[in-house]
Amino acid sequence: MTAAHRQRLVRYLGIWAAWLAVAVVTAFQTYAAGFAGGPKLALGQALVNGLIWYSAWAALTPGVVSVARAFADERRLGRLLAIHLAFGLLFAVLHAALYSVVNAMIYVRTPWAPWSNALLITKLATSIHVHLMIYAILVAIVLGARAYRMMRDREVAAARLEAQLAAAETAALRAQLQPHFLFNTLNAISALVPDDPIVAQRLIARLGDLLRLSIDKRRSQRSALADELDFTDTYLAIEEARLGERLRIVRDIAAGLETVQVPALLLQPLVENAVRHGIAPLIDGGTLTIEAKPAGDMLRISIADDGKGAGAIREGVGLGNARLRLRHLYGERQSLEIDTAPGEGFRVIIQVPR
């Protein structure tokens, strides 16, 4: 027996155990009611009657669960109520029929339990409201359990995203604190001190801003595109000072996209990859192009360099983290595509919902 079959069997036995408990409690209540002026039944007969009644519901419960799950995503309240009213009546008839058949099999020689439709009609006439309430309770339990699972899954996904965001922040800080990066940046600044101290001071401030933004604990999972571009520009200002005319930057950002939410700390690592691996190794440098444009109901972001390119794509921490976070944030409504070839630069295209 496979694990799935065992789980299904345990679930089915749990349903029967729950209804058995209800049947026993109800039987004792019926028996006790006889001492308070109600119909007097022997405890054994009360148990048998309760078991017949609730066993029928135990047999029908998997069907109710299937119906509740099948229409769980229906958002039109009127249609949902009509569907469940129809199925509630159907299960009421099925329960009455099942109860009548089992009851007649047990009490076949008893005048009040004949093999006829008399008992079926009696039960439908007197208990249909009870059946509808039981059906509604079962549906509510299924939908409540489903809502709880979805909430728990969202909490787990949110915790995972927080961990990934923390990893992205740590990676950004670690990248900026690399001795090679700091050495080159400080050299570029020190070279400017005698001739242009104002620019040198500005770059020192930029470096401080970059480090501060990298570890900003208030940064959420998403941020506005304008904020991400500002963060990226802070990094590029330092690289422009370090590489000089070897780094040429083209920005093509369509108007009206400034407030669109994108994953936090998504662009800067990709821009850094383009500068460090595509442009900086070339003697003549190259051009970095950053584009953001609408594409239907999606935002299309492109980061490209005209550097040396690559024959094979190797996804490091930056690309791998970006792809994973996009998948967790947007599911299938996102894409990350890479286009490269030797001598033809490197382009990363990201699409996310607007």
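Count residues from 1 along the sequence.
In this structure, Ile249 is a member of the same hydrophobic cluster as Ile301, with clusters built from ILVMFWY side-chain heavy atoms closer than 4.5 Å. Val22 is connected to Leu98 through a chain of hydrophobic side-chain contacts under 4.5 Å among Ile, Leu, Val, Met, Phe, Trp and Tyr, so both are in one cluster. Residues Val130 and Tyr54 share a hydrophobic cluster, clusters being chains of Ile/Leu/Val/Met/Phe/Trp/Tyr side chains in contact below 4.5 Å. Under the 4.5 Å side-chain heavy-atom criterion for Ile, Leu, Val, Met, Phe, Trp and Tyr, Ile128 and Leu60 are members of distinct hydrophobic clusters. By the rule that hydrophobic residues join a cluster once side-chain heavy atoms approach within less than 4.5 Å of another member, Val271 and Leu243 end up as members of one cluster.
With rounding to the nearest 0.5 Å, the separation of CG in Leu90 from NE2 in His131 is 12.0 Å. Summarising the geometry, atom CG belonging to Leu270 is positioned 4.5 Å from atom CD1 belonging to Ile303; distances are rounded to the nearest 0.5 Å. Rounding to the nearest 0.5 Å places CG of Leu51 at 6.0 Å from CG of Leu20. A distance of 10.0 Å separates CD1 of Ile338 from CD1 of Ile349, quoted to the nearest 0.5 Å. Atom CD1 of residue Ile134 and atom CG of residue Leu138 lie 7.5 Å apart, to the nearest 0.5 angstrom. Here the straight-line distance linking atom CD of Glu155 with atom CZ of Arg152 works out to 9.5 Å at 0.5 Å rounding.
Counting all heavy atoms, side chain and backbone alike, Arg246 lies closest to Ile279 at O-CG2, 3.7 Å. Nearest heavy atoms, Pro353 versus Tyr330: CD-CD2, 3.5 Å. Scanning all heavy atoms of the two residues, the minimum distance from Ala68 to Val142 falls at CB-CG1, 3.7 Å. Among all heavy-atom pairs drawn from Arg327 and Gln334, the shortest one is CA-NE2, 3.8 Å. The minimum heavy-atom distance linking Leu132 with Leu89 is given by the pair CD2-N, 3.7 Å. Across every non-hydrogen atom of Thr287 and Asp306, the tightest pair is N-OD1, 2.7 Å.
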Run the side chain to side chain donor-acceptor pair (under 3.5 Å) check on Trp19 and Ser55 step by step: do they pass?
CA-CA 7 Å; Trp19 282 116; Ser55 293; over 6 Å; no
Please test Thr232 against Gln268 for side chain to side chain donor-acceptor pair (under 3.5 Å), starting from the C-alpha separation and ending with a verdict.
CA-CA 5 Å; Thr232 302; Gln268 186 273 333; over 6 Å; no
Take His95 and Trp53 through the test side-chain contact (heavy atoms from CB on, under 4.5 Å) and record every step on the way to the result.
CA-CA 8 Å; His95 180 276; Trp53 177 273; 3.7 Å; yes
Please assess Ile290 against Asp252 for the test side-chain contact (heavy atoms from CB on, under 4.5 Å), listing each intermediate value before the final yes or no.
CA-CA 6 Å; Ile290 303 175; Asp252 185 6; over 6 Å; no
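Using a 4.5 Å heavy-atom cutoff, the side chains of Ser335 and Ile350 are not in contact. Considering only heavy atoms from C-beta on, His277 stays 4.5 Å or farther from Glu272 through its side chain. Annotation: side chain of Val139 is not in contact with side chain of Val67 (no heavy-atom distance under 4.5 Å).
Side-chain atoms of Glu240 do not come within 3.5 Å of backbone N or O of Ile238 as any donor-acceptor pair. For the pair Arg75 (side chain) and Asp73 (backbone), a donor-acceptor distance under 3.5 Å is present.
Aromatic ring pairs are classed by plane angle as parallel below 30°, tilted from 30° to 60° and perpendicular above 60°; the pair Phe87 and Phe71 is tilted. Between Trp16 and Tyr12, the two ring planes are perpendicular [angle over 60°; tilted spans 30° to 60°].
Take Tyr135 and apply the ring pair (Phe, Tyr, Trp, His ring centres under 6.0 Å) test, not counting sequence neighbours, and it matches His84, Phe91.
A side-chain contact (heavy atoms from CB on, under 4.5 Å) with Arg251 holds for exactly one of Thr289, Asp233, Leu229; it is Asp233. Here the options are Leu329, Asp227, Val262, Val260, the test is side-chain contact (heavy atoms from CB on, under 4.5 Å), and the partner is Arg222; only Leu329 passes.
The neighbour count for Ile198 CD1, taken as heavy atoms of other residues, nucleotides or ligands under 6.0 Å away, does not exceed 12. In Asp153, the CG atom is crowded: over 12 heavy atoms of neighbouring residues, nucleotides or ligands sit closer than 6.0 Å.
Between Arg248 and Asp305, none of the side-chain N atoms (NZ, or NE/NH1/NH2) sits under 4.0 Å from a carboxylate O, so this pair counts as no salt bridge.
In the hydrophobic clustering, Ile141 connects to Ile137, either directly or through intervening members, whenever side-chain heavy atoms lie under 4.5 Å apart.
Listed by first and then second residue, the side-chain hydrogen bond (donor to acceptor under 3.5 Å, both in side chains) pairs that reach into residues 339-354 are Ser302-Arg347, sequence neighbours excluded.
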